[in-house]
Structures are given as C-alpha cells and as structure tokens.
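In listed order, ligands and their atoms are each counted from 1.
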Amino acid sequence: MKNHIINALTVDVEDYFQVSAFANNIDRQEWENCESRVEANTGKLLELFDRFGYKATFFILGWVAERYPQIVRTIHEKGHEVACHGYSHQLIYNQTPEEFTAETVKAKKILEDIIQEPVLGYRAASYSITQKSLWALDILAESGFTYDSSIFPVHHDRYGIPGSEDKPHQLTTPAGHKLVEFPISTKSYFGYRLPVGGGGYFRIYPYAFSRMALNSINTKLRQPFVFYLHPWEVDPNQPKIDANWFSRFRHYNNLHKCESRLKKLLQDFQFSTVKEVLTKLGYGDKINKQAESKSDNYVVHQLGVK
Ligand SMILES: [Zn+2]
C-alpha cells in the first residue's frame, strides 16, 4: 500500500546539450544548431504522469520556453505547475548579481506571458545557490518568486550547502525577505547526508535503494520528499557528446533504465506539485499571499506601466 504522504514531483525542463556537465564542450552560441529533443522528451513525461494521474512542477529554462512556447502551454493546460529554471543555465555563483537579476526577470516574464499567471517557484541551474551565492535569494524574492527549490544540503564539487536545513522551511534572505525553501531531498546515514532526490543519483543507485531511502523520509521522518528528473534522462537515444569520462558518466550512466525505474517510483509513491505539497505543509498563505500582491505588479506590468 502506498504511504499517504504526498511528495513533490519535479522536472527541470532543459535539453541534453544544455547541462552543466557539458558546458565546457558546447558553447551557448552552438545551442541553436543542436538537434532539439526537449519537446518530445517532455511529452513522454507528460504522458507518463497522465497515466498515473499525477500533477508535477516543471521548472522550465527560459531559453527553451522562448523557442518552444507550446511546451509551456501544454504543461499549463494539463494542470501541471509551471515554474522557472532560469534563462541560460549559467551557474549562479559564476554570475554577477546584475547578470542574475536580468536573466531571472527575463525568464519569469517569458513564462508568465505564455501562461498569463504569476510564476511562484524557482530552481537554479545545477542547484547553484551556495554559500557564495546566497545573494541570489534576495533577487528571487524581489523578482516575485515565493518559493525556491535549489538548495542541496550536501557536499558536492558543483553545488550544495552542507549542514543546511533539509526539510521544507521558510528562510530569511540576507536582505531580510521571506522565501519558502524546499531543499533537494537527502537521507542521513551515520551522520552523512546522501542525496536521494533523483537525477543522476536515481540512475546510479539500484531502484530498491532509492525506494528504501525515499520511503524512510516518508515513514520515519514523516516528511514529503522532492523528486527531480530531466526530460533527457528518459531518452537513451539522444546524440552523444564528446566530453571527459566523468561528465559522460554523470550524463549517460543508466539512461536506458531511467524510464522503467520512474514507472516503479510513480507506482510506489504518491505525488503532486511543489505548490500543492507546500500548501499541505501549511505554507499556502506564504506562497500565495505574496503571489497575490505580485500579481498586481504583474497586471501593472502587462498594462505597460513600469
Ligand atoms: Zn538544469
């Protein structure tokens, strides 16, 4: 029997050539010339979620939304939550606050212009909100986001804030704004936090291990987890990119097993959007109240009043 706790199902919508592992191999200028597979792969995930009757949150890259607005429209029309994955998949700590502000506002506006509703949630490229880039939380709050799901409470070469809060909570940004944070899920073993929330970890671990770890978050900690996946992870036939062995391992490992594991996961656990899960945890007012006041701004913005 499924546990009654409802977990957050999330997808970071980007193409296989936009990932951080290949950032040194493919220049952003070349993205336009790559064969795009994001539409078909997102469609595959939408079909799968439909089959199980689950709604998910799709953190969509602005670059993708701009070129394929129909993906955003379909996600929204099917009743899923549209959220933001930035514009160009740059790591935040490699950007200046000015660059980050410009990108973030641009990406949010692209999505809101398509769905005609405020976008509440944000997830950073490669979870790149770290100790070095906490200032980004101020910019997210000031741009009208009410929740973030970017902080990975682990040690990693590219991301992570080791020792940070591992459950959904409301945080105060450096400038004093409030933002609800849903950290990427981890499971503690002997004091060591192991990432178990999806993506490459879901492909590396045997499914039985992921299930056990995620299940214990639900049953022992009595907390929802957040699971994340990318459309390219259900596409074992994607064009192969020549990169160093470690990047290739991270990207290609067990791609052919991912879809069948995902089906098992959808069978074994209950899921909904981040918005719904945070609302059930009592954060509804916090994520929607601010959004209401921001939606006034949004209307003003639509009227062309700056
Ligand atoms: Zn990403």
Side-chain angles (χ1 to χ4, degrees), residues 8-28 30-31 34 36-39 41-42 44-45 56-68 71-72 75 80-95 99-100 103-104 106-108 110-111 119 121-130 133 136 140 145 147-152 154 156-161 181-185 195 197-204 226-235 238 241 243 246-253 255 258 262 274:
L9 182 58
T10 71
V11 180
D12 295 354
V13 180
E14 66 201 24
D15 228 322
Y16 64 97
F17 50 83
Q18 296 173 316
V19 300
S20 300
F22 295 147
N24 292 330
N25 306 90
I26 300 187
D27 199 78
R28 277 185 185 77
E30 291 173 44
W31 284 2
C34 294
S36 176
R37 298 170 74 95
V38 67
E39 198 172 1
N41 293 333
T42 305
K44 210 187 231 188
L45 290 174
T57 296
F58 290 76
F59 293 95
I60 307 170
L61 197 65
W63 191 95
V64 169
E66 199 170 47
R67 280 154 189 85
Y68 307 100
I71 300 181
V72 184
I75 288 169
H80 300 283
E81 182 184 10
V82 168
C84 183
H85 192 38
Y87 181 78
S88 67
H89 218 266
Q90 303 238 34
L91 300 173
I92 295 178
Y93 48 76
N94 290 341
Q95 291 183 301
E99 284 166 342
F100 179 69
E103 281 227 341
T104 305
K106 178 178 176 179
K108 190 171 192 280
I110 292 170
L111 296 170
V119 166
Y122 183 85
R123 174 169 292 151
S126 291
Y127 319 102
S128 54
I129 296 185
T130 65
S133 53
L140 292 179
F145 289 100
Y147 78 81
D148 171 70
S149 181
S150 306
I151 297 180
F152 223 139
V154 293
H156 185 275
D157 60 346
R158 198 182 291 130
Y159 49 72
I161 304 183
E181 175 67 31
F182 200 147
I184 308 301
S185 294
Y201 304 103
F202 186 63
R203 287 182 285 121
I204 288 173
V226 58
F227 184 81
Y228 69 90
L229 202 75
H230 307 85
W232 52 263
E233 289 185 283
V234 292
D235 181 14
Q238 64 192 266
I241 290 165
F246 192 49
S247 296
R248 278 186 281 126
F249 172 76
R250 274 184 174 166
H251 191 88
Y252 297 123
N253 179 51
L255 278 185
C258 194
L262 177 61
V274 175

With sequence neighbours excluded, what pairs up with Ser36 under the side-chain hydrogen bond (donor to acceptor under 3.5 Å, both in side chains) test?
Asp15, Tyr68
For Thr10, check side-chain hydrogen bond (donor to acceptor under 3.5 Å, both in side chains) against everything at least two apart and list the hits.
Arg123
Keeping the roles fixed (side chain from Ser20, backbone from Ser126), state whether a donor-acceptor pair exists under 3.5 Å.
no
Take a 6.0 Å sphere around CG of Asp27 and say whether it holds more than 12 heavy atoms from other residues, nucleotides or ligands.
yes
Only protein N/O/S atoms count here: give how many lie under 2.8 Å from the Zn ion (ligand 1).
3
Which atom of Val274 lies closest to which atom of Thr57, heavy atoms considered
N-OG1, 2.8 Å
Residues that Asn41 engages under side-chain hydrogen bond (donor to acceptor under 3.5 Å, both in side chains), provided they are two or more places apart
Asp235
